[in-house]
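Because the structure is a prediction, the values reported are computed rather than measured. Chain identifiers are assigned alphabetically (A, B, ...) following the order of the sequence lines, protein sequences preceding nucleic acid strands; residue numbering begins at 1 within each chain.
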Amino acid sequence: MSFFESLRERDRVFDFMTPQASTVDVRHGPILYMEDVTVSFDGFKAINKLNLTIDDGELRCIIGPNGAGKTTMMDIITGKTRPNEGSVWFGSRHNLLKMNEPEIASLGIGRKFQKPTVFEALSVFENLELAMAADKRIFPTLTARMTGETRDRIEEVLTTIGLTELRFQPAGILSHGQKQWLEIGMLLMQRPRLLLVDEPVAGMTEQEMERTAELLTRLAGKQSVVVVEHDMGFVRSIARKVTVLHQGSVLAEGSMDQVASDPSVVEVYLGADDEEAA
Amino acid sequence: MTFQATSSRFWLARPFTERATQLFLGVLFAALLIVTVLHVAVPQGSALHVNAYTVNLFGKYLSYALLAVAVDLVWGYLGILSLGHGAFFAIGGYAMGMYLMRQIGDRGTYGDPVLPDFMVFLNWDSLPWYWLGFDMAWFAFAMVLLAPGLLALIFGFLAFRSRVTGVYLSIITQALTFALMLAFFRNEMGFGGNNGLTDFREILGFNLRSSDTRLGLFLASGVALALGYVLCRAIVTSKLGRVCVATRDAEARTRFIGYRVERFQLFVFVVSAMLAGVAGALYVPQVGIINPSEFSPLFSIEIVLWVALGGRATLYGAVIGAILVNYAKTVFTGVMPDAWLFALGGLFVLVTVLLPKGVAGLFSHLRRRDSTYSREASA
Ligand SMILES: Nc1ncnc2c1ncn2[C@@H]1O[C@H](COP(=O)(O)OP(=O)(O)O)[C@@H](O)[C@H]1O
Ligand SMILES: [Mg+2]
């Protein structure tokens, strides 16, 4: 099976056809472009004519009440869910709707899921090792050796996420916050162009939240970061531009202060939040 | 347990630098040597003499141990609970059995130079096509690897591509081995039906009834176990092995970071099936028969119990489990044959309650206590 498939994958057979790391073309505008995207589950439109653009190097926060479609939006970008209508482009060259999950991941879109999933039986170091951008076919993986370059890259990311001390510990013993950072580190190992981070601070302590805000702000610029978050305090502490999602489409967009004073936002989001609190 | 980064060594050579593997190989080869010496050099009357029957029994345990290692590779490290590995074992065994049948030549009851007795009995006038080539050792031995490997490839391809995992996969592996058992029971299949293949005489020209051949098969089983163990160790200590563990614990996540999980599963599953086939091929000449009962779903479940008792995801635990349980079985069935299944069930419950990580878990627990102690002592 894999032999015939590898015959079809000529770009993997011939080196010169290997896609270069920087094929993402952002000269003509945004790094992510979603237009009129609609997804329905049994007739229910979880995403409804959604339009969204993210600029290269931007740090964007997406907020919205539960069920607004934030997670579904990330599912679409990463190829997990196929929209019924619309188009999704990564740079001006890659049509994400024509790619599968691993292809999209190898293009440089990294995603942090809501629930932290690290490989608990493996050490922090090994978690990062597996996540690294590398030839991920069977035999190269079987015969892979640890080079100095790899080690340096892993150490660099360990420093960024602040887990250097814990690198030989199994990931299972990390605290909730540390797992979230490890997951972000795993994304960084793939040198992503775009990071999608789903509710990173849910369940974190104040201190951990602060460090997370710091980490995400530091990451923006080198890569584009999209953060979905419920916690308004946290969003306020990092946000430059905020998009409010409601019933599967964009309700408002702008700075935190702008959207917070938008009457429709106050009605649907903050209203819903109050209900939740009640 | 401890941290292992992929070293710069060639992947197949890596296990030899591990303490645990060195210890395992040391104990295994010492055991092979001791049994050989006690069998050959100690005179028969002596209390220390190991007779041919016992050598043969140990050889059988060793082939079971290899089978258990194969199961631990997929269950322990990949999280695939195969309840059908007996099928790969049996197919490897049948490939060997077909070779041994054709070695009989015209010395069978009916004296046909080509056809095995059961075919003459069924009034067949020529060999079915799939029996061709099995008179040649190299071909038959290649089939020992290729036939189970091919079955695992097809089965695994279909299962993993459709992302069948967990308990559903376990159930269809049971169905697979059950279906094969029913098929092999049929005389028209051409594998001797109910009775299977038996009455073997020689292997590679050596008389199967001589005690030297039995010793040779015992040693071959030991060497095969050592090689299989090192191969599995090399796999699980490689980056691929860590991808397997990652798949076991968080499959979707592994897929998401760019590994084609179904291909890794397929690769390891096929390797494991081939090892099981080799185990079967070593088993058959030592017990002198292969019949469809090796396909029985119960046998496949028993293999998993050996691994669970010995300790999952350690490889050496599988070896310990296979040998201990089968030794217990030999002793027990001698005393109370009908109660064996109850004893096995009881043993399983006992170990699950007292030693959730199996016998191997007990070892590593003791070692950890030991090292904590020595660290405290030196501090
Ligand atoms: N696979 C699915 N099948 C059916 N409905 C779904 C599915 N995924 C999400 N939904 C629904 O779509 C809506 C949006 O969900 P989601 O994107 O998870 O919201 P959010 O992350 O903003 O809280 C919810 O009403 C949810 O129940
Ligand atoms: Mg969500």
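B:K239 contributes no side-chain N or O that, together with a main-chain N or O of A:P140, makes up a donor-acceptor pair within less than 3.5 Å. Between the side chain of B:Y259 and the main chain of A:I138, no donor-acceptor pair closer than 3.5 Å is present.
Within the model, atoms CZ of B:R263 and CZ of A:R137 stand 9.0 Å from one another, a figure rounded to the nearest 0.5 Å. With rounding to the nearest 0.5 angstrom, the OG1 atom of A:T141 is 10.0 Å from the CZ atom of B:F267. Atoms CZ and CG, from A:F139 and B:L240 in turn, are 9.0 Å apart once rounded to the nearest 0.5 Å. Expressed to the nearest 0.5 Å, how far CD1 of B:I257 lies from NZ of A:K136 amounts to 5.5 Å.
Chain B forms the most heavy-atom pairs under 4.5 Å with one residue out of A:T78, A:T117, A:V118, A:N127, and that residue is A:T117. Note on A:I154, A:T150, A:L142, A:L187: by heavy-atom pairs under 4.5 Å with chain B, the leading option is A:L142.
Contact annotation for B:V245: only side-chain heavy atoms (C-beta onward) come within less than 4.5 Å of a heavy atom of chain A. Proximity to chain A is absent for every atom of B:R161, based on heavy atoms less than 4.5 angstrom apart. For a residue to count as touching a neighbouring chain, one of its non-hydrogen atoms must lie under 4.5 Å from one of that chain's; by this rule A:L122 touches chain B with the side chain only. Contacts of A:A133 with chain B are absent, with no heavy-atom separation under 4.5 Å from either backbone or side chain. Of the two parts of B:L12, neither the backbone nor the side chain holds a non-hydrogen atom closer than 4.5 Å to a non-hydrogen atom of chain A. For A:M186, the part lying under 4.5 angstrom from a heavy atom of chain B is the side chain only.
Atom CZ of A:R153 sits in a crowded spot, with more than 12 heavy atoms from other residues, nucleotides or ligands closer than 6.0 Å. Atom CZ of B:R19 is surrounded by 12 or fewer heavy atoms from other residues, nucleotides or ligands within 6.0 Å. In this structure, B:Y130 places its OH atom where more than 12 heavy-atom neighbours from other residues, nucleotides or ligands lie under 6.0 Å away.
Residues B:R253 and A:R111 approach most closely at NH1-O, 4.3 Å, considering heavy atoms.
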Evaluate salt bridge (Lys or Arg N to Asp or Glu O under 4.0 Å) for A:E101 paired with B:R260, printing each intermediate quantity in order.
CA-CA 10 Å; A:E101 285 178 80; B:R260 300 270 174 104; over 6 Å; no

Evaluation steps, salt bridge (Lys or Arg N to Asp or Glu O under 4.0 Å), between B:R242 and A:E129
CA-CA 9 Å; B:R242 290 190 283 283; A:E129 180 206 8; 2.8 Å; yes

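A 4.5 Å side-chain heavy-atom check between B:R248 and A:F119 finds every atom pair outside the cut-off.
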